[in-house]
Amino acid sequence: MRTGIVLRIVFGLLFTGLGGLQIIAVRRYFRQLKLHGNSETSPFSALALWSGFVFGLIFIVAGIVAGFGLIN
C-alpha cells in the first residue's frame with residue numbers, strides 16, 4: 001500500500017517538473033524568436049510554440065492528478 005502512495009507522489013512530482021521545464025523552454029524559444037527572428041524563420045515556429053505550451057500544461061495537469069490520486 002505504501003509503495004503505491006510513494007510512486008504516485010514521485011510520478012506527480014516528475015510530471016509537474018517536466019511540465020514546468022517545458023513551459024520554461026517554450027518561453028525561452030519565444031524570446032529567442034522575438035529577438036532574432038527574421039524572414040528566414042520557419043513558418044512552423046508558431047505551431048511549435050503552441051504545441052510545446054499545450055504539452056507543458058498537459059504534463060502539469062497529469063502531475064497534479066497523479067500526485068493527488070484523483071484517478072485510481
Side-chain angles (χ1 to χ4, degrees):
M1 186 69 175
R2 269 195 199 270
T3 306
I5 295 171
V6 171
L7 281 175
R8 191 168 54 208
I9 291 171
V10 167
F11 279 119
L13 290 173
L14 179 72
F15 284 148
T16 304
L18 285 173
L21 289 175
Q22 181 68 29
I23 298 292
I24 291 170
V26 167
R27 184 173 180 266
R28 291 175 109 188
Y29 184 56
F30 176 74
R31 293 179 77 203
Q32 174 73 16
L33 283 178
K34 194 172 179 182
L35 292 175
H36 302 293
N38 55 21
S39 62
E40 306 256 335
T41 303
S42 172
F44 296 105
S45 296
L47 179 64
L49 284 170
W50 278 108
S51 64
F53 182 72
V54 168
F55 283 131
L57 286 178
I58 289 171
F59 273 128
I60 289 173
V61 169
I64 291 170
V65 168
F68 287 118
L70 299 176
I71 297 177
N72 291 329

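Residue indices begin at 1 and follow the sequence shown. Values reported hereafter were calculated over all heavy atoms of this structure, with side chains retained and with hydrogens, waters and symmetry mates removed. What you are looking at is a predicted structure, and each value in this text was computed from that prediction instead of being measured.
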Handout entry: Linked, directly or transitively: L21 and F53 (ILVMFWY side chains, under 4.5 Å)
Key =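 Per the 4.5 Å side-chain linkage, L21 and F53 are not co-clustered.
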
Exercise for the section: Tell me whether L7 is reachable from L18 by hopping between hydrophobic residues (I, L, V, M, F, W, Y) whose side-chain heavy atoms are closer than 4.5 Å. Expected result: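 Looking at the clustering, L7 is in the same group as L18.
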
Atom [atom1] in [X], atom [atom2] in [Y]: separation rounded to 0.5 Å?
X: F55; Y: I23; atom1: CZ; atom2: CD1; result: 12.0 Å
X: I64; Y: L13; atom1: CD1; atom2: CG; result: 11.0 Å
X: T16; Y: F11; atom1: OG1; atom2: CZ; result: 12.5 Å

Exercise for the section: With sequence neighbours excluded, give me every side chain to side chain donor-acceptor pair (under 3.5 Å) pair touching residues 17-41. Expected result: Y29-S45

Handout entry: Check: F15 and I60 side chains under 4.5 Å, non-hydrogen atoms
Key = no

